[in-house]
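Here is the structure we will look at, set down as structure tokens.
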Amino acid sequence: MENLLAGLNEPQKEAVLHTEGPLMIIAGAGSGKTKVLTHRIAHLMSKGVDSFNILSLTFTNKAAKEMRMRIEKVVGTDARNLWMGTFHSVFARILRSEADKIGYPTSFTVYDTDDSKSLIKSILSELQLDDKVYKVNSVLSRISSAKNRLISPNEYAQNPILLTDDEASMKPKIHEIYKKYADRCFKAGCMDFDDLLFQTCKLFSLFPDVLNKYQRKFHYVMVDEYQDTNYVQYMITKMLSHERKNICVVGDDAQSIYAFRGADISNIFNFEKDYPNLHIVKLEQNYRSTQNIVKIANSVIKHNKEQLRKDVWTSNEEGNLIELVKATSDNEEGRLVAQSIFEEKNHNQQKSSDFCILYRTNAQSRSMEEALRRLSIPYKIIGGLSFYQRKEIKDMIAYLRYTVNHSDEEAFKRIINYPKRGIGETSATKIVVTAVDNNVTIWDAMLNVSSFMPGRVTVAVNEFVDLVRGFELVIASKDAFEAAKQIAKESGILKDLYDDKTVEGLARYQNLQELLNAIKEFSEDTEKEDRSISAFLQEVSLISTADTKDANGTDYVTMMTIHMAKGLEFKNVYIVGMEENLFPSQMMLQSRADLEEERRLFYVAVTRAEKKLTLSYALQRYKFGRLENCEPSRFLQELDARFLKAPKKSNQDMFSDDFMTATSKFGGNNLMKQNSVNFPKKEAPKSQVVTTTNHVASESFKPSDTSKLEVGMKVEHPKFGFGNVLKIETNGSERKATIFFQKADEKTLLLSFAKLMIIE
DNA sequence: ATTTATATCTTTTTT
DNA sequence: AGATATAAAT
């Protein structure tokens with residue numbers, strides 16, 4: 001007990017000790033929020049609260065896992081029984097045991113975003129709607145936001161505001177698509193991400209006894225990152241804690257960055273209204289960052305009108321000034337950042353893992369990656385395409401999904417003709433349409449296939465049905481790993497990948513092996529009560545890119561989008577791509593006009609830094625293969641210059657026309673002015689030669705250098721490996737050339753050649 | 001049904 | 001630059 005409060009400041013102690021009744025903790029960046037949460041739980045348990053009765057909702061599975069470990073250190077193995085996880089995973093678990101009450105099979109499967117999009121595409125074509133008008137993404141986001149606000153398809157169809165909105169955007173049929181979409185998901189025995197919350201709410205409202213069961217179970221409810229919860233999540237937590245009102249939410253309105261996903265800051269204000277006797281604790285002392293970083297962060301956020309009064313301060317050292325790096329191009333930006341990391345590492349004896357590069361969009365990782373590789377600095381990209389989003393993995397998962405749930409339409413579409421078994425797209429669509437028209441499941445339609453399909457297809461479909469039946473028996477009789485292994489073999493996936501001897505094919509084969517390993521690990525985890533394939537699928541469907549395991553012992557620079565960086569901290573942070581229309585994002589400015597959310601995002605990025613913060617931007621950047629001019633972000637102009645160091649530039653900069661013109665743009669900005677001094681003339685450094693091999697970095701081939709590439713040359717492409725140039729085609733004004741690239745295996749590929757390296 | 005050539009589009013962030 | 005959709009050829 002003494003131990004639990006040691007090292008906590010007054011408001012932190014207050015938050016830990018206030019266990020009964022509603023509590024809201026407003027936690028500034030770096031104020032020790034996680035510490036308070038873990039200590040609070042440990043405190044509850046030391047008071048004799050059973051861990052079964054505590055529910056803690058976190059933003060990522062990783063955060064839950066870490067918190068559980070920290071608690072376990074204090075209270076021991078009891079912590080295992082805590083209910084901890086994301087909203088999605090916790091309620092998926094509850095839904096799995098209660099699904100039958102709302103008409104879903106216990107073995108319901110989960111649609112990921114790709115599945116949802118694919119289903120919407122099918123529906124659009126069935127309704128004969130133009131997918132140029134009804135863009136899949138916008139339709140899905142419309143449906144998603146309806147679900148997040150607990151609006152059912154019928155309510156949507158009767159909501160004049162929504163209908164007028166849709167008419168105004170020339171998409172009056174959204175309500176119809178929504179209805180059909182929801183219907184199809186239901187009939188497929190599938191829930192999409194939003195359903196996991198939406199259906200939970202439905203379950204709780206329709207079955208008070210079920211709600212009551214969980215109300216009695218969870219004596220204490222805690223919600224982390226409350227500023228990023230949406231309306232459904234607000235409702236669920238409100239319902240769950242209704243009896244005892246022991247609810248504790250933790251958040252920081254200044255760090256709300258998920259409005260695009262339905263997150264609603266007004267949840268924080270609603271919270272105050274819902275609980276008149278609410279106790280509020282503010283954590284304002286920052287333990288993470290230097291004074292300069294805290295101050296510049298405050299200078300960022302003060303430009304936002306809408307925010308709770310809060311005063312984040314620190315007693316840490318003053319620290320370095322914030323650095324500003326200006327580059328002529330995105331590639332140079334990469335080089336400068338990599339060089340800075342290199343120097344910093346040597347200079348201060350730091351590890352690679354002390355560094356983090358943050359960007360607004362995933363696409364920006366490429367130039368950073370290339371630059372780091374050239375300096376042999378190890379790095380790791382978090383996010384982007386995750387393991388479970390790879391085609392070969394999704395295919396295998398689809399087999400498992402379909403075996404568990406014969407109604408799963410999207411899984412069916414994925415595997416019906418992979419590996420090829422002579423059932424083309426037309427046939428597959430016909431089966432789906434027949435099932436929908438006759439109001440039966442896809443499985444039943446297949447059993448009846450001879451009545452509406454020609455004999456040749458019937459035979460193939462029957463074989464497929466038998467295959468799945470066999471898999472069903474396999475799953476029933478063997479453990480998850482053995483079953484998965486057999487399914488991989490008998491489905492033909494394993495062979496299909498094995499036969500592909502290309503570099504990519506080999507990688508895919510290894511990925512599949514890795515998936516099987518993961519299943520093996522899962523099936524041998526004695527801590528898990530349910531080790532079935534079905535449980536594995538559920539877990540896997542909710543793994544997010546933020547949940548990647550830390551490879552312990554490895555030392556690398558971390559690269560990720562700012563969104564993924566929430567909750568993390570690094571000694572040195574580089575925020576790259578500080579350009580108008582990129583950050584703040586063009587999309588954000590045009591369509592949602594929410595500049596304040598972009599600014600909060602910038603605030604989040606800035607506050608990740610402990611010791612040193614560097615901001616960088618480029619004057620030119622490749623966008624869809626075309627070089628575009630960029631202007632520095634308005635956010636840079638907003639910074640308080642007292643905490644900034646003079647911009648740093650490369651030698652090359654001085655000689656480029658672009659640099660000169662771009663500098664003049666900054667005429668009015670005192671920050672940038674200090675920079676316009678004369679630099680000694682020096683020859684621009686040549687592109688570096690890569691490591692010990694005789695490869696020349698791709699840099700030496702500008703898109704205009706078509707002349708350097710000749711027919712017959714041996715070349716290497718980072719993705720497609722070694723090959724020969726067969727033919728070069730230049731399409732005039734485009735300044736873009738395509739080459740025919742022949743690989744060792746005789747396959748001919750068409751490539752643009754920007755990434756090719758000539759082997760001398 | 002499947003492969004190959006050509007055209008078009010991409011434009012945020014993620015559970 | 002690269003993915004994906006569409007059209008045309010096999």
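Proteins come first, then strands; the chains are lettered A, B, ... in the order of their sequence lines, and each starts at number 1.
- The residues R366(A) and E370(A) are annotated as salt-bridged, a charged nitrogen and a carboxylate oxygen being separated by less than 4.0 angstrom.
- Residue order along DNA chain B, read from the 5' end via each residue's closest nucleotide, puts K420(A) first among H563(A) and K420(A).
- As a whole-Å value, the separation of E596(A) CD from dT12(B) P is 22 Å.
- Distances shown here put a side-chain N or O of S427(A) below 4.0 Å from the OP1 or OP2 atom of dA1(B).
- As rounded to whole Å, 11 Å separates atom P of dT14(B) from atom CD1 of I562(A).
- Straight-line distance from the CG atom of D114(A) to the P atom of dT15(B): 13 Å, rounded to whole Å.
- Atom NZ of K117(A) and atom P of dT10(B) are 12 Å apart (whole Å).
- Distance alone, capped at 3.5 Å, is enough to place a donor-acceptor pair between the R608(A) side chain and the L568(A) backbone.
- A donor-acceptor pair is defined here as one N or O able to donate and one able to accept, closer than 3.5 Å; no such pair exists between the side chain of D192(A) and the backbone of Y111(A).
- For K121(A) and dA5(C), the shortest distance from a side-chain N or O to OP1 or OP2 is below 4.0 Å.
- Checked against dA1(B), dT14(B), dT10(B), the side chain of R456(A) finds its nearest nucleotide in dA1(B).
- In this structure, F260(A) has its ring center closer than 6.0 angstrom to the ring center of H563(A).
- N362(A) comes within contact range of the sugar-phosphate backbone alone, with a heavy-atom separation under 4.0 Å but no base atom that close.
- Stacking is not found between F624(A) and the pyrimidine-like six-membered ring of the dC9(B) base under the 5.5 Å centre-distance and 30° plane-angle cut-offs.
- Residue L197(A) is out of contact with every strand shown, counting any heavy-atom pair closer than 4.0 Å.
- Nearest-nucleotide positions on DNA chain B for N417(A) and E598(A) put N417(A) closer to the 5' end.
- Of the candidates dT11(B), dT15(B), dT13(B), dT13(B) carries the atom nearest the T561(A) side chain, counting heavy atoms from C-beta on.
- Straight-line distance from the CD atom of Q389(A) to the P atom of dT13(B): 12 Å, rounded to whole Å.
- Rounded to an integer number of Å, the gap from CG of D192(A) to C1' of dT14(B) is 14 Å.
- Contact annotation for T113(A): base contact, defined as any heavy-atom pair under 4.0 Å involving a base atom.
- Taking a cutoff of 4.0 Å between a charged side-chain nitrogen and a carboxylate oxygen, R93(A) and E539(A) do not qualify as a salt bridge.
- Atom P of nucleotide dT14(B) and atom CG of L140(A) are separated by 15 Å, given to the nearest angstrom.
- In this structure, Y111(A) atom OH and dT14(B) atom C1' are separated by 20 Å, rounded to whole Å.
- Distance noted for atom P between dT13(B) and dT4(C): 15 Å (whole Å).
- When heavy atoms are screened at a 4.0 angstrom cut-off, Y258(A) is found touching the sugar-phosphate backbone but no base atom.
- Of the charged side-chain nitrogens involved, none lies within less than 4.0 Å of a carboxylate oxygen, so that D228(A) and R261(A) do not count as a salt-bridged pair.
- Nucleic acid contact class of K566(A) (heavy atoms, under 4.0 Å, all strands): none.
- Rounded to a whole angstrom, the distance from the C1' atom of dT11(B) to that of dT6(C) is 22 Å.
- For R261(A), taking side-chain heavy atoms from C-beta onward, the closest of the listed nucleotides dT12(B), dT14(B), dA1(B) is dT14(B).
- Of all nucleotides listed (dT13(B), dT15(B), dT11(B)), dT11(B) comes nearest to the side chain of K623(A).
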